[in-house]
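Residue numbers count from 1 along this sequence. Note that ligands are numbered from 1 as they come in the structure, with each ligand's atoms numbered from 1 the same way.
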Amino acid sequence: MAVERTLGIIKPNALNDDVLGKVITHYEKAGLKIAAMKMTHLTKEKAEGFYIEHKERPFFGGLVNFMTSAPCVLVVIEGDNAVLRNREIMGDTNPADADEGTIRKLYAKSMQANAIHGSDSQTSAEREIAFFFEKGEIFTRF
Ligand code: ADP
Ligand code: MG
């Protein structure tokens with residue numbers, strides 16, 4: 001399998017609930033390594049730009065408000081098949097449908113405040129990583 005990179009965001013509700021360390025532990029236990037990490041408080045412009053694909057969806061305004069309500073942590077995650085592997089350990093977008101033991105099942109509060117983001121494809125991952133990180137801020141862990 002190929003080593004890939006994907007973007008994760010530990011969302012405001014997870015930081016407010018003090019489960020940042022627990023979320024990072026899920027990545028580490030899945031064999032995914034942290035290649036870059038930073039804390040930020042997203043501006044409205046940055047949150048809107050990041051979620052641009054959802055601009056016309058009814059939840060867009062609420063999502064942007066939530067994502068700008070408090071700081072979050074951005075991570076670049078590296079590992080074999082990282083995009084798909086990360087989506088597996090995240091669990092379903094709706095925590096009510098997420099499998100037992102997944103990050104969203106454990107730490108999501110609602111469909112909106114669902115604890116984490118993870119890129120949904122290699123193409124998205126490339127765009128999302130470049131949206132937040134300079135090349136020199138990312139470290140090869142394999
Ligand atoms: P995912 O984060 O699993 O890739 P989407 O890309 O479909 O899910 O949606 C982006 C984010 O928008 C979700 O993680 C969630 O925070 C929010 N969201 C999606 N659908 C809804 C909804 N129906 N109601 C409220 N928030 C939603
Ligand atoms: Mg998505």
Side-chain angles (χ1 to χ4, degrees), residues 1-135 137-139 141-142:
M1 269 191 266
V3 172
E4 295 173 352
R5 285 176 175 167
T6 189
L7 184 86
I9 305 179
I10 296 102
K11 295 186 178 183
N13 71 292
L15 259 69
N16 286 338
D17 289 342
D18 296 311
V19 295
L20 173 62
K22 287 182 171 151
V23 172
I24 299 292
T25 298
H26 281 261
Y27 299 140
E28 292 174 339
K29 287 197 167 154
L32 298 168
K33 296 191 184 276
I34 304 298
M37 173 151 70
K38 60 182 156 194
M39 190 180 292
T40 186
H41 193 141
L42 292 178
T43 61
K44 187 166 182 279
E45 291 67 31
K46 204 76 177 160
E48 286 177 347
F50 181 73
Y51 279 119
I52 195 75
E53 65 173 316
H54 296 309
K55 198 157 92 62
E56 306 302 330
R57 309 286 288 278
F59 60 80
F60 183 72
L63 176 63
V64 169
N65 282 340
F66 164 63
M67 291 299 290
T68 56
S69 64
C72 58
V73 169
L74 311 168
V75 287
V76 177
I77 304 160
E78 193 177 70
D80 271 340
N81 210 14
V83 174
L84 192 64
R85 184 81 189 105
N86 183 46
R87 292 292 302 198
E88 285 170 358
I89 66 168
M90 285 167 62
D92 198 279
T93 307
N94 183 350
D97 298 331
D99 288 340
E100 291 299 326
T102 59
I103 297 170
R104 282 169 164 169
K105 185 68 171 191
L106 289 164
Y107 311 122
K109 284 283 183 290
S110 64
M111 185 117 164
Q112 177 184 85
N114 61 1
I116 42 161
H117 167 83
S119 311
D120 64 6
S121 68
Q122 287 192 55
T123 306
S124 302
E126 276 174 33
R127 179 188 88 86
E128 292 176 359
I129 290 168
F131 191 83
F132 288 121
F133 289 89
E134 305 288 337
K135 282 204 166 64
E137 296 177 309
I138 307 170
F139 302 91
R141 301 292 314 283
F142 277 83

Proximity flag [X] to ligand 1, non-hydrogen atoms under 4.0 Å:
| X | answer |
| --- | --- |
| Lys11 | yes |
| Met67 | no |
| Asp120 | no |

Quick check: do [X] and [Y] have side-chain heavy atoms less than 4.5 Å from each other?
| X | Y | value |
| --- | --- | --- |
| Lys22 | Leu106 | no |
| Lys46 | Thr40 | no |
| Phe142 | Asp80 | no |
| His117 | Met67 | no |
| Arg104 | Asp92 | no |

Out of curiosity, Tyr27 OH to Ile10 CD1, how far, rounded to the nearest 0.5 Å? 4.5 Å
Taking atom CG of Leu32 and atom CD1 of Ile77, what is their separation to the nearest 0.5 Å? 6.5 Å
Any N/O of Glu53 closer than 3.5 Å to an N/O of ligand 1?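 N/O-N/O distance below 3.5 Å does not exist for this pair.
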Would you check whether Asn114 has a nitrogen or oxygen atom less than 3.5 angstrom from a nitrogen or oxygen atom of ligand 1? yes
Among all protein heavy atoms, pick out the one at the shortest distance from [atom]; state its residue, atom name and that distance to 0.1 Å.
| atom | value |
| --- | --- |
| atom 17 (C) of ligand 1 | Leu63 CD1, 3.8 Å |
| atom 15 (C) of ligand 1 | Met111 O, 3.2 Å |
| atom 2 (O) of ligand 1 | Arg104 NH2, 3.0 Å |
| atom 25 (C) of ligand 1 | Phe59 CB, 3.7 Å |
| atom 1 (P) of ligand 1 | Thr93 OG1, 3.5 Å |

Heavy-atom contacts with Arg87 under 4.0 Å: which atoms of ligand 1 show up? List them by number with element. 1 (P), 3 (O), 4 (O)
Ligand-side contact atoms (ligand 1) for residue partner Gln112, heavy atom cut-off under 4.0 Å: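 Answer for ligand 1: 16 (O), 26 (N).
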Angle between ring planes, Phe132 versus Phe50, binned at 30° and 60°: parallel, tilted or perpendicular?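 Because their plane-to-plane angle lies in the 30° to 60° range, the rings of Phe132 and Phe50 count as tilted.
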Short version for His54: what comes under 4.0 Å of ligand 1, heavy atoms counted, is side chain
Given Leu7 and Phe133, is the side-chain contact (heavy atoms from CB on, under 4.5 Å) satisfied, shown in steps? CA-CA 10 Å; Leu7 184 86; Phe133 289 89; 3.9 Å; yes
